[in-house]
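What follows is a set of notes on a single structure, which appears directly below.
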Amino acid sequence: MKLTQGCFSYLPDLTDDQITKQVQYCLANGWAVNIEFTDDPHPRNTYWEMWGLPMFDLADAAGVMMELAECRRVYGDRYIRISGFDSSHGWESVRISFLVNRPAKEAEFELVRQEVAGRAIRYTTVRKPAEHASV
């Protein structure tokens with residue numbers, strides 16, 4: 001199952017050239033760029049691990065791409081995303097976020113329905129347990 005989080009999630013994975021152009025777009029708008037990684041891509045997990053500090057005041061995407069290459073080298077078996085943070089008054093929020101790396105075997109989730117009082121229905125997203133190969 002292909003995880004769909006952030007911009008471009010229904011498109012094929014971005015190439016490094018396409019990632020560079022998106023990072024350059026963030027920098028041209030004056031947004032801070034950061035790299036994050038996780039092994040728990042649950043939709044409610046907003047606390048991904050940061051790779052270094054957010055990169056402010058860069059002029060060229062090459063610096064971000066060097067950091068991305070190093071993050072992929074160390075955490076290539078995890079999800080990695082890039083975010084662009086707009087600190088201007090009135091926004092002060094992430095303006096763009098997209099995945100730039102996926103593990104070979106993607107996490108799988110399922111929707112669980114539960115009936116509660118008053119015939120109301122609650123839905124919960126749960127991660128499917130990993131399948132173990134028999135030896």
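Just so we're clear, the structure is a prediction, and the values are computed from it rather than from any experiment.
Pairs engaging residues 3-24 under the ring-ring contact (aromatic ring centres under 6.0 Å, His included) rule: F8-F98 [sequence neighbours left out].
By the side chain to side chain contact (heavy atoms under 4.5 Å, CB included) test, S87 pairs with F85, sequence neighbours left out. Applying the side-chain hydrogen bond (donor to acceptor under 3.5 Å, both in side chains) criterion to R72, with sequence neighbours excluded, gives D16. Applying the side chain to side chain contact (heavy atoms under 4.5 Å, CB included) rule to T15 yields the partners D17, Q18; only residues at least two apart in sequence or on another chain are considered. The salt bridge (charged side-chain N to carboxylate O under 4.0 Å, His left out) test applied to D40 returns R127, not counting sequence neighbours. Here R113 pairs with nothing under the salt bridge (charged side-chain N to carboxylate O under 4.0 Å, His left out) rule; sequence neighbours left out. Legend: residues meeting salt bridge (charged side-chain N to carboxylate O under 4.0 Å, His left out) with D39, ordered by chain and number and at least two apart, are absent. Every side-chain hydrogen bond (donor to acceptor under 3.5 Å, both in side chains) that S97 has, sequence neighbours left out, goes to S83. In this structure, E49 has no side-chain hydrogen bond (donor to acceptor under 3.5 Å, both in side chains) partners at least two apart in sequence or on a different chain. For R81, the salt bridge (charged side-chain N to carboxylate O under 4.0 Å, His left out) criterion is met by E36, not counting sequence neighbours. Contacts of D86 classified as side chain to side chain contact (heavy atoms under 4.5 Å, CB included), with partners at least two apart in sequence or in another chain: W31, S88, W91, R95.
Side-chain N or O atoms of N101 include one that pairs as donor or acceptor with a backbone N or O of R78 at under 3.5 Å. Panel note: side chain Q24, backbone A59; a donor-acceptor pair is recorded below 3.5 Å.
More than 12 heavy atoms of other residues, nucleotides or ligands lie within 6.0 Å of CD in E92, so this atom counts as buried by the packing criterion.
Atoms CD1 and OH, on I80 and Y75 in that order, are 10.0 Å from each other to the nearest 0.5 Å.
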Hey, can you pull the donor-acceptor pairs under 3.5 Å for the side chains in residues 50-58, sequence neighbours left out?
{"from": "W51", "atom 1": "NE1", "to": "E67", "atom 2": "O", "distance (Å)": "3.4"}
{"from": "W51", "atom 1": "NE1", "to": "E67", "atom 2": "OE1", "distance (Å)": "2.9"}

Self-check item: Worked check of side-chain contact (heavy atoms from CB on, under 4.5 Å) between V33 and L27
Solution: CA-CA 7 Å; V33 176; L27 298 176; 3.8 Å; yes

Self-check item: R102 and D13: CA distance, side-chain angles, deciding distance, side-chain contact (heavy atoms from CB on, under 4.5 Å) verdict
Solution: CA-CA 9 Å; R102 300 171 181 277; D13 292 340; 3.0 Å; yes

Quiz item: Passes side-chain contact (heavy atoms from CB on, under 4.5 Å), I19 versus Q22? Steps please.
Solution: CA-CA 5 Å; I19 294 168; Q22 293 303 320; 5.8 Å; no

Quiz item: Would N34 and I82 count as a side-chain contact (heavy atoms from CB on, under 4.5 Å) if you check the C-alpha gap in whole Å, the side-chain angles of each, and the deciding distance to 0.1 Å?
Solution: CA-CA 6 Å; N34 66 299; I82 289 181; over 6 Å; no

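At a threshold of 4.5 Å between non-hydrogen side-chain atoms, the residues I35 and V64 count as touching.
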